[in-house]
Amino acid sequence: MKQLLTGNEAAAEAAIQAGCRYYYGYPITPQNELINYMSWRMPEVDGAFIQAESEIAAINMVYGSAAAGGRAMTSSSSPGISLKQEGISYLAGSELPCVIVNIQRGGPGLGDISASQADYFQAVKGGGHGDYHVIVLAPGSAQEMADLVYDAFNLADKYRNPVMILGDAQIGQLVEPVEFHKKHTEYLPPKNWALTGAEGREKRVIKSFYPVKGQLEEFNAHLQRKYKLIEEHEVRYEAINMHDADIVLVAYGTSARICKEVVKKCLQYKFKVGLIRPITLWPFPKEIIRSVAERVHSILTVEMSAGQMVEDVRLAVEGRCPVHFYGRTGGGVPTSQEVIKKITEIEPDNRAAHSLRQLVEVK
Amino acid sequence: MTEKIILAGFGGQGMMLLGKLLAQAAMTEGKYVTYFPSYGTEVRGGTAVYHLIISNEEIFSPLIEETDTLIVMNQPSYQKYKGMLKHQGLLLLNSSMIKVNDLHEAHICKIPATEIASKLGNVLVSNIVMLGAYLTVKKLFSADMILDQLREMLKGKKTNLFAINKQALESGIQIVKSLS
Amino acid sequence: MRTIYEKPETLIDTPTHFCPGCGHGIVLRLIAEIIDAWGIRGKTIGLAPVGCAVLAYNYLDIDMCEAAHGRPPAVATGIKRVHPDHVVFAYQGDGDLAAIGTAEIIHAANRGENITFIFVNNAVYGMTNGQMAPTTLINQKTATTPSGRDPVNYGYPIRVCELLSVLDGTSYLERVCLSSPENIRKTKKALEKGFKTQIEKRGFSLIEILSPCPIYWRMDANEAMKHIDEVMSKTFPLGVVKDWEQMN
């Protein structure tokens, strides 16, 4: 049955349905619907809910519950995620599975509470200290929020790795019909590392400290092998109108929804535009972008940031075609008109550019 | 079919609920729907604005750049959002609180919603008066369906509020019929 | 033959990294003795801090978890939510508990978390070569208070038990020390009381242990023990600060 829910509520309910029974959070706009939902929903399923004293405490409570073998989650928005980064590094270093929802807002500093995608770097490049990655999933709707949160718990357990859901104020707060369907059938390894009390077995230790020379390097090599495996198996993206596109847009989340509108409008004017929407931001869909770069005129990355994901697009393209960027910062959301205008500037001589330009200028 | 609606008013004028009732109806009828509260720093005491899109096709951007319908409840909302209405769109306004000060190439529908709601005995149902008016002009959903939703929503402690909401909806319907 | 001394089973037979005269080894042994005597090895989970006791998990033969600096109360809370009937304890030093982790310990106490906190106070940061701790005594010389702790610049030593005692969420708070066999026996009793408080679900317990650090106190082991009795315990008075059995 479909329900009308905000993206934030969809994330919360999906977590419950995925078996998450430990939620720890701290209020921050624009993710408040999530923590509020958990406060009444967790007791219904005999789960634990704590409004922690800080973001730092919340992520460390997640660390504890994950170490003890529970499915644990926290959520926050950009400034709060900055605070959690220490804990996320420890979670990655101790190989603990958990889910962190980041409903991004404008920054830097206190910024504002509008939608933003300026946390891309702190999400996909690790974010805290050390060589590590969290798996980053970017939903584009309330329904996809539910689906990806559900998947996130399985990915986290499968790889013993933190997973971040990277939404934004718009994805978190929009209200859309959502349906919950459990669909996971993949085998997940038993948690034969979790702290349960050493009854009748050898003790277990959860730690990220390797003071003996050489051990830490060995551990890092293990992490890198794991990350390579994730890169090989878990890349997800949506590709629209790839077959004859002259220009391909690359955008995720809210930006991608705007870009879908752009693609639709451009096609009406016979301007061949395609879209690659990364669903996993790490691992990043490098291969598809690289192969598309071989045959298109250019690529345009659209973000609600000063240009973060565009760096990964350029790394994937490796000079095969020009990579352009259009972004808005500080809570600004691009309009389809703005993106179309940018496209006509990139390809001024395209046969369709003239009529498209009129579409933009009428406004 | 795609219908884009911007709803705006003071916080407390019930725009959230109005949009939610329409979104619920759209979902029940199996349509695509996206409903977005676009509040910024003015969330306290200022204008509350919502973007509602109902469509037979997948909805891309939840933000409306040009709206088919503008439902406004007070003067600041009208001033702020009138420019977003498309040519020959529907401007549904609460004439109890709004003076039209612009030429509009639009279908204008002036509803004294605050006044009507006050006469009914509860100013808080002005949003439902507007909803009745909207349903009558656009005919997307039946009044009965909306009434069913209201009945469901007001179950329990709020049952006694159903009667006045029903009256408000009917008043909205009547006034549009009398205007045309 | 009568056995008068043996290693507790829960204490792993391995050399420790502790300095000569350090108190940590004594406290870890006392914990191991209690776990053995009470037969709770299989349902006990410990937390090691960042600081001198960071490698506690190498010495205790139980499930253990490392926590980021200052965060054991939060991590322990997360563990306890998953295993409410297990015995969960956090082992923390003064920097961990009373400086960087002040917020976490206060709020764990305020929530009345049913967890036992073992707070080893040696008034100095040993792990990082002897800097000032939040519990460093007035005029005590450390690597970062070379002419002694002057309260004008550095504030005063924090009395953790007294600080926490005003919170309604705390059930048992006691300060003990390791300065003599008698005091070590009292410390063991306090630890037992802490575990008992948890097992009986009486709520938050914290045992503050004044512990010698001869290296960074720049004393020999005997002088350090005397220093606890004659100086340190003047700032940090020994005894029960709060006890649910004596409250009504």
Side-chain angles (χ1 to χ4, degrees), chain A residues 1-8 29-30 32-33 105-106 110-115 140-143 168-179 240 251 253-265 275 277 302 304 330-340 359-360 362-363, chain B residues 2 4-7 15-44 46 48-67 83-87 89 105 141 145-146 149-150 152-153:
Chain A
M1 196 194 74
K2 284 194 177 177
Q3 290 169 264
L4 269 185
L5 293 173
T6 63
N8 285 328
T29 308
N32 293 317
E33 293 83 5
R105 57 187 258 183
L110 195 52
D112 75 355
I113 59 169
S114 311
S141 66
Q143 178 64 57
D168 61 59
Q170 200 163 301
I171 299 291
Q173 293 178 321
L174 55 73
V175 178
E176 289 178 334
V178 178
E179 200 164 19
I240 295 170
T254 289
S255 299
R257 285 182 71 145
I258 292 150
C259 286
K260 280 187 182 178
E261 187 127 359
V262 169
V263 170
K264 187 175 138 193
K265 284 181 181 165
L275 169 69
R277 177 176 77 94
V302 180
M304 281 134 63
V333 178
T335 63
S336 59
Q337 303 282 336
E338 289 164 12
V339 179
I340 290 170
L359 169 77
V360 180
V362 166
K363 216 23 217 183
Chain B
T2 297
K4 298 184 177 181
I5 311 168
I6 289 180
L7 308 113
M15 289 295 95
M16 173 75 183
L17 177 66
L18 204 178
K20 211 168 172 191
L21 285 163
L22 287 171
Q24 187 89 35
M27 182 177 76
T28 307
E29 296 222 327
K31 293 187 180 351
Y32 288 92
V33 57
T34 284
Y35 184 39
F36 182 63
S38 167
Y39 49 73
T41 40
E42 353 152 52
V43 62
R44 296 264 164 256
V49 59
Y50 301 90
H51 293 218
L52 174 65
I53 305 176
I54 297 167
S55 181
N56 291 331
E57 294 161 44
E58 187 187 345
I59 298 161
F60 300 134
S61 175
L63 282 186
I64 297 171
E65 293 174 26
E66 191 184 52
T67 193
M84 295 185 74
L85 188 63
K86 78 168 189 191
H87 186 68
E105 292 209 36
F141 310 106
M145 183 176 179
I146 299 288
Q149 285 179 17
L150 272 170
E152 185 67 19
M153 206 174 274

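Below, chains carry the letters A, B, ... as their sequence lines are ordered, and counting in each starts from 1.
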Across all chains, not counting sequence neighbours, the salt bridge (Lys or Arg N to Asp or Glu O under 4.0 Å) partners of R105(A) are none
What option among T6(A), T254(A), T335(A), V262(A) has the most heavy-atom pairs under 4.5 Å with chain B?
->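 Max contact count across the listed options: T335(A).
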Applying a criterion of heavy atom separation less than 4.5 Å, what residues of residues 17-27 of chain B form contacts with chain A?
->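 K20(B), A23(B), Q24(B), M27(B) fall under the 4.5 Å cut-off.
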Separation between CD of E338(A) and CD of E65(B), rounded to the nearest 0.5 Å | 7.5 Å
Nearest heavy atoms of L174(A) and P37(B), plus distance in Å =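 Looking at all heavy atoms of both residues, the closest pair is CA-CD, 4.4 Å.
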Nearest heavy-atom pair of F60(B) and R257(A): which atoms, and what distance?
->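 In this case the closest contact between F60(B) and R257(A) is O-NE, 2.6 Å.
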Intermediate values then yes/no, side chain to side chain contact (heavy atoms under 4.5 Å, CB included), E66(B) and Q337(A) | CA-CA 11 Å; E66(B) 191 184 52; Q337(A) 303 282 336; over 6 Å; no
Side-chain (E261(A)) to main-chain (S61(B)) donor-acceptor, under 3.5 angstrom |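 Side chain of E261(A) to backbone of S61(B), a donor-acceptor pair under 3.5 Å: yes, one is there.
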Would you please say whether a donor-acceptor pair under 3.5 Å links the side chains of E176(A) and T34(B)?
-> yes
Which answer fits S255(A), side chain, backbone, both or neither, if we ask what part of it has an atom under 4.5 Å from a heavy atom of chain B?
->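 Interface part for S255(A): neither.
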Is it the backbone or the side chain of A115(A) that comes under 4.5 Å from a heavy atom of chain B, or both, or neither?
-> neither
